[in-house]
> 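So that we are looking at the same thing, I have put the structure below in structure tokens.
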Amino acid sequence: MRKPTNWPATVLIALGSLFILFPLYMTVSIALKNPEEMAKSIFSPPTGLHFSNFARAIEATGFFHALANSAVITVVSVVCILLTNSLVSYAIARNMNRRFFKLLYLYFVSAMFIPFQIIMLPVVKVTTDLGMNNIPGLIMLYIVYGLPFNVFVYVGYIRSVPIELEEAARVDGTSTWGTFWRIIFPLLAPISATVVILSSLSTWNDFLLPLILLAEPTQYTLPLVQYVFQGQFSTDYNLAFASYLLALLPMVVVYLFLQKWIINGITQGAVKA
């Protein structure tokens with residue numbers, strides 16, 4: 001028999017979809033309008049497609065240079081996070097019966113509850129003194145700041161992997177290093193996909209850390225470029241929203257293609273053997 005429609009849930013889902021889609025509609029609509037259309041109505045759809053707004057935004061912000069900076073920072077950070085965080089998590093997960101590793105796990109996880117604003121000024125001071133107020137220093141901080149959450153999800157997932165697989169590898173003469181890379185790491189594909197996607201989104205969209213750390217304008221990322229040119233765009237919303245849409249588009253495309261891995265990976269990472 002057909003189940004009756006759950007109207008309260010349906011209404012909530014519809015409202016939630018509206019709250020998500022309406023800002024996106026406004027962004028696209030304003031980016032494609034000209035100032036004359038904006039003066040008539042901000043909510044109406046554009047009567048013409050003014051793609052010249054995007055060309056002007058690209059030129060005004062140095063979009064491709066900032067895009068290259070964001071891409072380099074994101075790719076290098078995510079690769080290093082994937083390799084180092086998984087190794088740390090493996091060492092902790094297989095030694096949780098030892099007091100040191102148990103305390104180390106709790107230490108990493110507790111860092112998730114410390115707001116970045118509390119340590120912001122000391123971080124700026126230390127990185128500046130060490131000459132790390134640049135892209136390599138920013139990448140290093142992303143790797144370190146990714147540890148708490150990534151250790152939390154990796155450890156939960158690794159503990160669900162049967163240890164008998166590693167014991168069989170040792171019997172065959174495989175070292176601990178070889179066991180991890182040949183057996184354990186390939187099995188971490190679902191949770192690694194989750195880590196890659198979430199780390200990519202957070203690194204690409206991060207604004208505060210580049211703002212306080214990067215000293216040279218030539219090293220600015222896309223979110224930071226939007227902020228720097230905000231004053232210039234304040235009287236030309238069409239140009240501003242075209243710029244925002246350009247910065248938003250790459251991660252939206254990535255998320256649309258890979259979103260199923262996020263829920264799948266987090267769900268499996270929450271299960272312990």
> Look at the side chain of Ser202 and the backbone N and O of Ser199, then say whether any donor-acceptor pair between them is shorter than 3.5 Å.
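Flag set: sc Ser202 to bb Ser199 pair under 3.5 Å.
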
> Report yes or no: does Asn133 contribute a side-chain atom to a donor-acceptor pair with the main-chain N or O of Leu214 at less than 3.5 Å?
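Side chain of Asn133 to backbone of Leu214, a donor-acceptor pair under 3.5 Å: no, none is there.
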
> Has Thr179 got a side-chain atom pairing as donor or acceptor with Ala169's backbone, closer than 3.5 angstrom?
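Side chain of Thr179 to backbone of Ala169: no pair is present.
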
> Can the ring centroids of Tyr227 and Phe207 be said to lie less than 6.0 angstrom from one another?
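Yes, the ring centres sit under 6.0 Å apart.
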
> Between Ser77 (side chain) and Thr74 (backbone), is there a donor-acceptor pair under 3.5 Å?
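A pair under 3.5 Å: no.
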
> Decide if the gap between the ring center of Tyr142 and the ring center of Tyr145 is smaller than 6.0 angstrom.
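Ring centres of Tyr145 and Tyr142 not closer than 6.0 Å.
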
> So does Tyr154 get a backbone contact from the side chain of Ser89, meaning a donor-acceptor N/O pair under 3.5 Å?
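The answer is no, because no donor-acceptor pair under 3.5 Å joins these two groups.
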
> If you count every heavy atom of other residues, nucleotides or ligands that lies below 6.0 Å from Met132 atom CE, does the total exceed 12?
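It does: Met132 CE has more than 12 such atoms within range.
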
> Can you get from Val78 to Val76 by hopping between Ile, Leu, Val, Met, Phe, Trp and Tyr side chains that sit under 4.5 Å apart?
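Val78 clusters together with Val76.
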
> Taking all non-hydrogen atoms of both residues into account, name the closest pair between Ile81 and Ile143 and its distance.
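Of all heavy-atom pairs spanning Ile81 and Ile143, the closest is CG1-CA, 3.8 Å.
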
> Under the 3.5 angstrom rule, does the side chain of Thr203 hit a backbone N or O of Ser200 as a donor-acceptor pair?
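Between the backbone of Ser200 and the side chain of Thr203 there is no qualifying donor-acceptor contact (under 3.5 Å).
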
> Is it true that atom CD of Glu216 has more than 12 heavy atoms of other residues, nucleotides or ligands lying nearer than 6.0 Å?
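Incorrect, the count does not exceed 12.
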
> Looking only at atom types and distance, does a side-chain atom of Thr84 sit under 3.5 Å from a main-chain N or O of Cys80, one as donor and one as acceptor?
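It does hold such a pair.
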
> If we ignore hydrogens and angles and just use 3.5 Å, is the side chain of Arg94 paired with the main-chain N or O of Ile158 as donor and acceptor?
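Here the side-chain-to-backbone pair exists.
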
> Are Trp177 and Phe101 connected into the same hydrophobic cluster when the rule is that any two of I, L, V, M, F, W, Y join if their side-chain heavy atoms are below 4.5 Å apart?
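Yes, one cluster joins them.
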
> I'd like to know if Leu208 and Val126 are part of one continuous hydrophobic network [Ile/Leu/Val/Met/Phe/Trp/Tyr, side-chain heavy atoms within less than 4.5 Å].
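Different hydrophobic clusters.
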
> With a 4.5 Å cut-off on side-chain heavy atoms, are Tyr25 and Leu18 touching?
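Not in contact.
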
> Applying the 4.5 Å side-chain criterion to the ILVMFWY set and letting contacts propagate, would Ile92 and Ile163 be lumped into a single cluster?
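Different clusters.
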
> Please name the pair of heavy atoms, one in Ser44 and one in Ser29, separated by the smallest distance, quoted to 0.1 Å.
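Taking every non-hydrogen atom into account, O-OG, 3.3 Å.
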
